[in-house]
Amino acid sequence: MRRRTFLRGATAAATCALMAPALSAPASAALASPFRPLASDAARRIGEHYLARNPDQRSHRALVAGLGCSAGAGWREACDAFGAARQADFRAGRTLTVDGWLVAEAEGRLCALLLCAEGGGGC
Amino acid sequence: MLKDLRDLPQDTVIVADLCIIGAGAAGITLARRLRGQGHSICLIESGGFEFSEPVQDLYKGGLVGLPYQDLDVARLRFFGGTTNHWEGMCAPLMPMDFDRRSAVPLSGWPISYGDVARYYGEAQEVCQLGPLRYGLSDWLEAERRLPDLSRVLSRVYQYGPPARFGSVYRQELVDADDVTILLHANVTEIMVDDGGEVVRGLRLATLDGTTATARSGRYVLACGGIENPRLLLSSDQVHTAGIGNGHDQVGRYFMEHYEVWPVDVAMTAAKEKVQPYFGFNVDGLYIKPCMVLEPKVQESLGIANGGAVLDSTAYNKDVTGFVALRRLLNGVREGDMAEAREALPLIFSDLDDVAQGAWRKVRGQRYRPLAEDRQAVSVKIYGEQVPNPDSRVTLGDERDALGMRRPVLDWRLTDLDRHSGVTSARIIGEGLTGEGAGRARMAEWVEDEGWPDTLEGGMHHMGTTRMSADPRHGVVDTDCRVHGMRNLYVAGSSVFSTCGYANPTLTIVAITLRLADHLSTRMAGVMQAVHGAGD
């Protein structure tokens, strides 16, 4: 993955956080709502990589819980929790390597969530 | 005073209270510290005051194991030794470097950090450095720094002028009545009495055939991490395996500071915050920030020490404007027009860096690249090589012009070294990314086996006569005296039990000052006994 492609993909997660305030759909079915952020190829790849390493997390519920959200959380909650979870992961060394790039587990989870929301990832 | 062995009669016998073999950082420091105390000191140097090709040839040797700089390139054999081409880059060892660490085999010095640290202040002056302050916050205010990273200490290297010991301290020693600098004198054998515990003299020779003997009460070997074991191993008339080598320890544990670039970072921090990490000046002193994993983190991860610096990736690849200008000039000088042609567009695409580099050069400052927004940086690791008995200096079959067997260096790193360097860089990459300063990527070689083609050593030769409490695990005792010998000592980085990440010269000087205090006490005791007997 080239630097520019990766950076675009990895920041999909950050973009998600920016979009969160505009996502008004409440919890429950919100993760499948049409307002969900679109995953780039790089984000999908990160998501696939994360799920390949963590096959037990191939579900919305597990991924959302991993981000520190309650079971019924929507995109907004997930994105709100993301920033702190990402920083905590990097500080603690909870990272994975995707094509050499260091990715926080929280980033991997969020990308996996995007992938699942699109119906991929075997969720 | 000054003498040249080539000018002395054949088979002269030189007598002194103390013979120091080698006039590099250690030898010169020792002579300076002990002069004026009523002892006669003979400082024996193989070369003269200037570089000489035939003398330098004596430093040639063989290489096996990992790729390494030719041995006659990695060091210099004339008055001042390798300080004649060092960069002046200094940092002290850390307290943890002296500790026993569970993951690092044979770690733990038999002396404490405090035993050495009390000499660091004076060593700073000897090396012409600034105050003994090595925290980044001592030199750079918080608003100019990148965010502090979790699990990481922010430290610095200090760069001296660099101090060329041979030039800076030459006149002082030439003028000293109690110090004799003996030039062009090569020690070809350390002669031991039949009992095997006392050195009774040194066999000396010049390249033009003059021979002599030097005798003294005590002897200090201060020739560097390759030549020290070479001389001990070569002196095999009484101890057939070499002096101090009863347990096959001499020459083993050769350690280097390996240099690798395991992580690149696409920085997103403002260029003003990145720039100081490429180096900055404070009151004429050049400071380079350095990141080190906290000791407890190293311990919990089971890795050795390592210092990480941020370098411009373009600088690493020799493609910044000013470096390209140097390449162009070198290409023209050497008639390599292909090199010159390649450099030209790099210069025109980076004129700001050319201008800045030229301006710094005019002002006598070190070049450091100009940071840009979205700067690509490489995390460079100066890694602590862990003690490894298979990494070693031995004697080869080839002989030099004096008939002495040339050394062979077998530099070997271990999986732990690789793991330590990669892990340190990774954590720093994680830290920078987590704090929003950039996005880190592991270098491609990290995913493969082995070491990258760009692996280098810092030309620091350490550990080959390591300090140990037990003769089975080293060559010198806590006083730097060769185990089993009464009057033979070793000075320099060859006595390091472990090497930390810090460049060795500051610690060489500090430990030599400590040795000087020991010798001063011992020799004062001898004088008192002599004078007392006469009363």
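Residue numbers start from 1 in every chain, and the chains themselves are labelled A, B, ... in the order their sequence lines are given, proteins ahead of strands. The analysis underlying the following values was restricted to heavy atoms, covering all of them including side chains, and did not include hydrogens, waters or symmetry mates.
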TODO: State whether the number of non-hydrogen atoms from other residues, nucleotides or ligands found under 6.0 Å of B:Asp448 atom CG is greater than 12.
DONE: yes
Open item on the list: Per the ring pair (Phe, Tyr, Trp, His ring centres under 6.0 Å) rule, what does the pair list look like for residues 422-445 of chain B, sequence neighbours excluded?
Closed with: none
Task: Toward chain B, the part of A:Ala88 with a non-hydrogen atom under 4.5 Å - done: neither
TODO: Answer yes or no: are there more than 12 heavy-atom neighbours, outside B:Glu141 itself, under 6.0 Å from its atom CD?
DONE: yes
Open item on the list: Tell me whether the count of non-hydrogen atoms from other residues, nucleotides or ligands lying under 6.0 Å of CZ in A:Arg61 goes above 12.
Closed with: no
Open item on the list: Only pairs of heavy atoms separated by less than 4.5 Å count here; which of A:Ala104, A:Ala92, A:Gly100 has the most with chain B?
Closed with: A:Gly100
Task: Structural part of A:Arg91 lying under 4.5 Å from a heavy atom of chain B - done: both
TODO: Name all residues meeting the disulfide (SG to SG under 2.5 Å) criterion together with A:Cys116; count only those two or more places apart in sequence or in a different chain, and write none if there are none.
DONE: A:Cys123
Task: Any residue meeting disulfide (SG to SG under 2.5 Å) with A:Cys69, in chain and number order, not counting sequence neighbours - done: none
Task: Most contacts with chain A, counted as non-hydrogen pairs under 4.5 angstrom, among B:Ala443, B:Gly436, B:Ser150 - done: B:Ser150
Open item on the list: Tell me whether A:Asp56 at atom CG has more than 12 heavy atoms from other residues, nucleotides or ligands lying less than 6.0 Å away.
Closed with: yes
Open item on the list: Suppose a student defines contact as a heavy atom less than 4.5 Å from any heavy atom of chain A. Which residues in residues 423-432 of chain B would they list?
Closed with: B:Arg426, B:Gly429, B:Glu430
TODO: State, to 0.1 Å, how close B:Arg439 and A:Val103 come at their nearest heavy-atom pair, and which atoms those are.
DONE: NH1-CA, 3.9 Å
Task: From CA spacing to verdict: side chain to side chain contact (heavy atoms under 4.5 Å, CB included), A:Asp99, B:Glu447 - done: CA-CA 10 Å; A:Asp99 291 351; B:Glu447 300 298 319; over 6 Å; no
